[in-house]
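For reference, the structure is listed below as structure tokens.
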There are 2 protein chains.
Amino acid sequence: MPHTGEKVSDTMSMREEKPINRLQDTPFGYTLSIISGKWKMVILYWLVEAQPIRYNELQRLIGTISHKTLSVQLKELENDGLIIRREYPQIPPKVEYNLSEKGQSLYPLMESMCQWGEKYKT
Amino acid sequence: MPHTGEKVSDTMSMREEKPINRLQDTPFGYTLSIISGKWKMVILYWLVEAQPIRYNELQRLIGTISHKTLSVQLKELENDGLIIRREYPQIPPKVEYNLSEKGQSLYPLMESMCQWGEKYKT
DNA sequence: CTGTATCCTCATGGATACTG
DNA sequence: CAGTATCCATGAGGATACAG
């Protein structure tokens with residue numbers, strides 16, 4: 001898998017005793033750490049579909065995510081630079097979420113996942 | 001996201017009251033259910049790199065996965081049809097794991113993940 | 001409306017020992 | 001060698017209440 005142009009052992013192997021190459025430090029591992037978890041990709045998916053989207057609408061679309069979980073996940077996605085939170089100083093408050101360019105760039109990945117699922121889903 | 005050719009609400013939305021379209025029943029959700037989790041993609045990654053591979057070697061390569069966890073994950077991957085377990089009736093036992101065609105077909109996804117990580121990793 | 005703050009449950013995964 | 005069995009720790013995620 002030519003993910004770096006280097007030998008695999010240079011970028012991902014745990015074989016070296018020191019320094020230990022942690023999975024997270026590899027491109028593959030980094031991506032994994034960003035999009036793994038139960039909800040990350042689902043949230044990103046809906047952002048692709050419906051951005052800009054407000055907090056409540058997002059929760060309604062996902063349907064089964066809890067209040068706190070959505071909140072935490074959104075904050076993590078924001079910290080990872082995948083989404084942009086835009087707050088309107090109103091009463092009542094209004095917040096819109098959009099994908100950043102970095103977030104948008106995951107679109108091909110989601111596409112691949114959809115196509116793969118389409119093909120292999122029982 | 002044209003993952004089915006149908007309207008999004010027909011395949012993924014939770015908006016309909018009944019029947020509720022569960023995420024798992026969508027192509028996207030199916031893929032998610034298959035590859036999510038902490039180790040699935042890591043194991044598949046190493047299979048791409050080093051198949052056919054034996055149980056012990058696999059654990060050694062991953063480096064930080066526990067005995068039980070690897071065992072459980074391998075069984076799930078086998079049940080999902082992504083890998084093929086081949087047992088040689090020897091003493092001591094020898095077992096080799098290979099990717100099935102279905103498993104191999106995830107290669108583009110892994111490729112995408114590597115490339116994305118390569119580009120956006122800090 | 002858009003969140004935080006608590007508290008709690010439970011699945012995931014780890015350590016260790018044992019088996020064919 | 002390639003697992004299973006058992007027990008345990010951790011943290012992700014959920015329910016509910018409260019706040020700005």
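Letters A, B, ... mirror the listed sequences (proteins, then strands); counts begin at 1.
Where Pro93(A) and Lys38(A) meet DNA chain D, the nucleotide closest to each residue was compared, and Lys38(A) sits on the side nearer the 5' end.
Residue Tyr97(A) has a polar side-chain atom (N or O) positioned under 4.0 Å from OP1 or OP2 of dG3(C). A sub-4.0 Å separation between OP1 or OP2 of dG3(D) and a side-chain N or O of Lys75(B) is absent. For dG13(D), the OP1/OP2 oxygens have no side-chain nitrogen or oxygen of Thr69(A) closer than 4.0 Å. At least one side-chain nitrogen or oxygen of Arg54(B) sits closer than 4.0 Å to the OP1 or OP2 atom of dA2(D). Taking 4.0 angstrom as the limit, Ser71(A) places a side-chain polar atom (N or O) nearer than this to OP1 or OP2 of dT4(C). Look at Arg85(A) and you'll find a side-chain N or O under 4.0 angstrom from OP1 or OP2 of dG3(C).
For His67(A) and dG3(C), a side-chain-to-base donor-acceptor distance below 3.5 Å is present, hydrogens and geometry of angles not being considered.
Separating the NZ atom of Lys68(B) from the P atom of dC18(C) is a distance of 18 Å, rounded to the nearest angstrom. Between the P atom of dA2(D) and the CD atom of Gln59(B) lies a distance of 10 Å, rounded to the nearest Å.
A heavy-atom distance below 4.5 Å is found between the side chains of Ile53(A) and Leu61(A).
Distance check: Glu57(B) CD to Trp46(B) CH2 gives 9.0 Å after rounding to the nearest 0.5 Å. To the nearest 0.5 angstrom, Lys94(A) atom NZ is 13.0 Å from Asn56(A) atom CG.
Judged by distance alone, with hydrogens and angles left aside, the side-chain atoms of Lys121(A) form a donor-acceptor pair with the main-chain N or O of Asp25(B) at under 3.5 Å.
The side chain of Gln73(B) lies closest to dG13(C) when the candidates are dG13(C), dC1(D), dG3(D). In the set dC1(C), dA15(D), dT2(C), the nucleotide with an atom closest to the side chain of Val95(A) is dT2(C). Listed nucleotides: dT2(C), dG14(D), dT4(D). Nearest to the side chain of Tyr55(B): dT4(D).
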